[in-house]
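Below: one structure, written as structure tokens.
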Amino acid sequence: MLGDEAEAEDVLQETFLSAFKSIDSFEGRASLSTWLHRIATNAALMRLRKRQPLSFSVDEVTEPGNGNLIPKVFYDWCCLPESELMTQEVRDEMRAAVENLPDTLRVVFLMRDVEGFSTQETADILDLSLSAVKSRLMRARMALRERLSAYFGGAASADMEGTRYE
Amino acid sequence: MSEKHAHRDCSHLLAGLSAYIDGEAEAALCAEIEQHLAACENCRVVVDTLRRTVLLYREEQPAPLPEGGEAAPVQSVRTG
């Protein structure tokens, strides 16, 4: 979420310290893991706000139009074999694609699709409406699809070029 | 299927694709999307690659904890 290992370690420490200090206030309404994630996410968001105060506009989900939702790359890479999809280079591209997302989209994507939280849990932890979570998840996914499609499409073109000039 | 297809006709469906691949779209929207996909190759590619994108990230193993990452919070609590 932070894109910085040292800061993530700091947040991890802050999370456990905060949890120990306020364990009395844990009422058991959510699971312990949801409660800890909420503390950790809040700590990370606080750091992101300090770093980029303008990136957390409350109007983010009400931007007019579909903006970056419009697909531009239609290369069909679905049927590529697993051996080509899960190389270290692809993993690096996937990681870079996530890091390139706006903070508001990245945090929702990581919680829903990587950490496996439900829409409701994500909304509770981030204090967002369900529609805001769904909207941000959709925008994040579409942005990642676009970037990976461009990556795989470019790789396919490069392969063809290589074949042509051999 | 025109290569110049710019999704002007189907852009209103885009907002529902994320819920669609999660199986959370309402029945009427599902039917509309599926009817459209049968006739629109580009949208079919978008749906398939969107679904594959999400699966790739779900299959990806989480990054290992940094060295000392597990012990650090406990140590700081004990010594702090």
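Here is how names work: the chains are called A, B, and so on, in the same order as the sequence lines, proteins then strands, and each is numbered from 1. It should be emphasised that the depicted structure is a prediction, and the values quoted were computed from it without experimental measurement.
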(request) Tell me, for B:Leu55 versus chain A, whether the close heavy atoms (under 4.5 Å) come from the side chain, the backbone, both or neither. (result) neither

(message) Salt bridge check, A:Arg95 against A:Asp92: does any charged N sit closer than 4.0 Å to a carboxylate O?
(response) no

(message) Counting only non-hydrogen atoms closer than 4.5 Å, does A:Leu148 touch chain B with its backbone (N, CA, C, O), its side chain (CB onward), both, or neither?
(response) side chain

(request) Check whether any side-chain N or O of B:Tyr57 sits under 3.5 Å from a backbone N or O of A:Met94 as a donor-acceptor pair, and report yes or no. (result) yes

(message) Counting only non-hydrogen atoms closer than 4.5 Å, does B:Arg44 touch chain A with its backbone (N, CA, C, O), its side chain (CB onward), both, or neither?
(response) side chain

(request) Give a yes or no answer on whether the side chain of A:Arg141 reaches the backbone of B:Ser18 with a donor-acceptor pair at less than 3.5 Å. (result) yes

(request) Could you tell me whether a side-chain N or O of A:Arg145 sits under 3.5 Å from a main-chain N or O of B:Thr53, the two making a donor and an acceptor? (result) no

(request) Check whether A:Tyr75 gets within reach of chain B through its side chain, its backbone, both or neither, counting any heavy atom under 4.5 Å. (result) backbone

(request) Check the surroundings of atom CD in B:Glu26: do more than 12 heavy atoms from other residues, nucleotides or ligands lie under 6.0 Å from it? (result) no

(message) Report which part of A:Glu82 has an atom under 4.5 Å of a heavy atom belonging to chain B: side chain, backbone, both, or neither.
(response) side chain

